[in-house]
Protein chains: 2
Amino acid sequence: MVPKYSSSRENYVKAIFHLQEIHGTVTTNDVASEMQTRPASVTDMLKKLKAQKLLLYEKYKGFKLNTEGRKVALQIIRKHRLWEFFLVEKLRFGWDEVHEIAEELEHISSKKLIDRLDEFLGFPKTDPHGDPIPDSQGRYTISRQVDLLNLPVNQIAEVSSIGDQSVEILELLNHKHIALGTRLEVKKKFAFDNSLELKIKNQSTVTISEHVAKNVFVKYDDE
Amino acid sequence: MVPKYSSSRENYVKAIFHLQEIHGTVTTNDVASEMQTRPASVTDMLKKLKAQKLLLYEKYKGFKLNTEGRKVALQIIRKHRLWEFFLVEKLRFGWDEVHEIAEELEHISSKKLIDRLDEFLGFPKTDPHGDPIPDSQGRYTISRQVDLLNLPVNQIAEVSSIGDQSVEILELLNHKHIALGTRLEVKKKFAFDNSLELKIKNQSTVTISEHVAKNVFVKYDDE
DNA sequence: AATAAAATTTAGACAAATCTAAAAAATAAA
DNA sequence: TTTATTTTTTAGATTTGTCTAAATTTTATT
């Protein structure tokens, strides 16, 4: 009934996973600065993670998680993001205040708990920040979040957030039937003023200015 | 943002609180056997708790929590019981499987989290085992859980659990309109066969056998 | 009241996670 | 390709929580 890995070990695995997603390979200093700790402490932990067979590591060379390590990382990320979703959707927290609490909750060990929570929340695909939530097998779909200017033409996407929170832009978007969750695609880009022509799914075709496009963020599945 | 007390310290405080509720005063051996640890470890921790001013302790004498210690204990108990309630009511766990998970969740530090959870759950007064949940100030109403044979005559009480889980007893109780949460009182006790006459609140008067009475547990506010 | 038994505490050790300061290895620069 | 710089690792301490074995204090029993 004792957790397989300590909170500390889990935090290292999570940090390494995060860094190797960005840079491919990971260094001791990277981890130290990511985790606000000392390089010597990182080295100490690397040895333990290697002994536990979560890590490919030879001293003075770079390192990365092996398959088992990635599996562990994805389960922690799953827990973190499901708890964040819970805090925002059920307990009415703002998305800016949930991270710290989820840092604690992600270390609760029960697998059954997290699977039941997932079900209770309706199997959400992304957390309140738009990041994907791995399923109980660790599978997830990478969705990219970009503003409309950077959305490839003919790529179907879903509105995930609005940059500018002014009443004015919301009024404009509302008029054009664009809201959070709306599925749409860019049909044409006009180089002259960077305005866009959008096809709102199952709806009309509308035109928006560069200024608006910059403030509408969408996500779409990669590949 | 670091928790004020470690999980280990919190577990000791909780155990001491539990024991002093039962026996008034607490001994080193009591705590050791309650926590499945060694007396020497208890002594070590007592010193730390005393240094932290949670405990009245002189060596070789007994000890007990001071006001601050009791406050801390009640907040942990509050968290434990609210999480148990959540697990049973929202995530459909059985009450026999929630204790261990709540042992972990009770150490999550955010006060705001627990107050929001309390609100989300509708400010429940008791956990799934019928034990009282302290409010955010640590106040709670003691309710006693007894079987119907031991319920004083004319004492209004609420059905809190059923001992025997057979289909047969549930069918019988269902027929007599007795369910979890039903409010009732004992009007008459027949010494001949220990059968009881009950008044179901806002409903009929019914008679049940000793066998049934033994398996129906109720709770009522003390004093 | 003296002694036996039980409870409690101390002394000293250990594991986990962290740190500082110094040494070693790898990389960059002259 | 030496030398200088940066990165990484080691050596040795520290803190927290735990343990065993021995010593001490309290309580119970003749």
Side-chain angles (χ1 to χ4, degrees), chain A residues 1-16 19-20 22-65 69 72 76 103-104 106-107 109, chain B residues 1-16 19-20 22-65 69 72 76 103-104 106-107 109:
Chain A
M1 311 297 160
V2 174
K4 230 169 171 178
Y5 310 105
S6 70
S7 293
S8 179
R9 276 162 149 78
E10 290 192 344
N11 286 332
Y12 275 93
V13 169
K14 196 176 48 147
I16 295 167
L19 292 169
Q20 76 183 26
I22 302 172
H23 302 114
T25 178
V26 189
T27 71
T28 304
N29 271 355
D30 278 356
V31 176
S33 79
E34 169 90 4
M35 296 192 65
Q36 316 241 67
T37 185
R38 298 303 171 145
S41 309
V42 175
T43 303
D44 289 345
M45 186 55 86
L46 292 180
K47 287 187 201 156
K48 293 172 193 166
L49 296 179
K50 188 190 178 180
Q52 241 170 137
K53 296 198 202 306
L54 299 177
L55 199 66
L56 304 170
Y57 164 66
E58 297 304 328
K59 50 185 197 168
Y60 292 108
K61 311 280 165 63
F63 49 89
K64 52 165 61 174
L65 297 172
V72 171
I76 304 163
E103 287 287 299
E104 285 187 63
E106 72 188 6
H107 302 296
S109 60
Chain B
M1 312 298 158
V2 173
K4 233 171 172 175
Y5 310 106
S6 70
S7 292
S8 179
R9 276 162 149 77
E10 290 191 344
N11 286 333
Y12 274 94
V13 169
K14 197 177 47 147
I16 295 167
L19 292 169
Q20 77 183 25
I22 301 172
H23 302 112
T25 179
V26 189
T27 69
T28 304
N29 270 354
D30 278 356
V31 176
S33 79
E34 169 90 2
M35 297 192 64
Q36 317 241 66
T37 186
R38 296 303 169 143
S41 309
V42 175
T43 303
D44 289 345
M45 185 56 86
L46 293 179
K47 287 187 203 157
K48 292 171 194 166
L49 295 179
K50 186 188 179 181
Q52 240 168 136
K53 296 199 202 304
L54 298 178
L55 199 66
L56 304 170
Y57 164 66
E58 297 304 328
K59 50 185 198 165
Y60 292 107
K61 312 281 165 62
F63 48 90
K64 53 165 61 174
L65 297 172
V72 171
I76 303 163
E103 287 288 299
E104 286 187 63
E106 72 188 5
H107 301 297
S109 59

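Every chain is numbered from 1, with letters handed out A, B, ... down the list of sequences.
Within the structure, a side-chain polar atom (N or O) of A:Arg9 is placed less than 4.0 Å from OP1 or OP2 of C:dA17. Contact annotation: B:Arg38 side-chain N/O to D:dT20 OP1/OP2 distance is under 4.0 Å. Dashed line: the shortest gap from a side-chain N or O of B:Asn29 to OP1 or OP2 of C:dA6 is not under 4.0 Å. Residue B:Tyr12 places none of its side-chain N or O atoms closer than 4.0 Å to OP1 or OP2 of D:dT16.
Atom-to-atom, CE of A:Met35 to P of C:dA17 comes out at 11 Å; the value is rounded to the nearest Å. Between the CE atom of B:Met45 and the P atom of D:dT16 there is a distance of 10 Å, given to the nearest Å. Rounded to whole angstrom, the span from the NZ atom of B:Lys50 across to the P atom of C:dT8 amounts to 16 Å. Spacing between atom CD of A:Glu10 and atom C1' of C:dA16 amounts to 15 Å, rounded to whole angstrom units. A straight line from CD of B:Gln52 to C1' of D:dT16 spans 12 Å, rounded to a whole angstrom. In this structure, CD of B:Gln36 is placed 17 Å from C1' of D:dG17, rounded to the nearest angstrom. One interatomic measurement links the two molecules: CG of B:Leu55 to C1' of C:dT8, which rounds to 15 Å at whole-angstrom precision.
Taking every side-chain heavy atom of A:Lys48 into account, C:dA17 is the closest of C:dT8, C:dA17, D:dC19. The listed nucleotides are C:dT20, C:dT18, D:dT18; the one nearest the side chain of A:Ser8 is C:dT18. The side chain of B:Ser6 approaches D:dG17 more closely than any other nucleotide in the set C:dT18, D:dT8, D:dG17.
A donor-acceptor pair under 3.5 Å is absent between the side-chain atoms of A:Glu10 and the main chain of A:His107, judged by distance alone.
Considering only heavy atoms from C-beta on, A:Tyr12 stays 4.5 Å or farther from A:Lys48 through its side chain. Side chains of A:Val31 and A:Phe63 form a contact here, defined as non-hydrogen atoms less than 4.5 Å apart. Side-chain atoms of B:Glu58 and B:Lys50, non-hydrogen and from C-beta on, do get closer than 4.5 Å to each other.
Interatomic distance, CG of A:Asn11 versus CD1 of A:Ile16, reported as 11.0 Å (0.5 Å rounding).
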Anything under 3.5 Å between a protein N or O and an N or O of nucleotides 9-13 of chain D, put it in a table, one pair a line.
| unit_1 | atom_1 | unit_2 | atom_2 | d |
| --- | --- | --- | --- | --- |
| D:dT9 | OP1 | A:Tyr57 | OH | 2.7 |
| D:dT9 | OP1 | A:Tyr60 | N | 3.1 |
| D:dT9 | OP2 | A:Thr28 | OG1 | 3.0 |
| D:dT9 | OP2 | A:Thr43 | OG1 | 3.0 |
| D:dT9 | O4' | A:Tyr60 | OH | 3.4 |
| D:dT10 | OP1 | A:Lys59 | NZ | 2.5 |
| D:dT10 | OP2 | A:Lys47 | NZ | 2.9 |

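Applying the side chain to side chain donor-acceptor pair (under 3.5 Å) test to residues at least two apart or on different chains, the pairs with a partner in residues 28-38 of chain A are A:Thr27-A:Asp30.
Scanning for salt bridge (charged side-chain N to carboxylate O under 4.0 Å, His left out) contacts around A:Lys14 gives A:Glu103, A:Glu106, with sequence neighbours left out.
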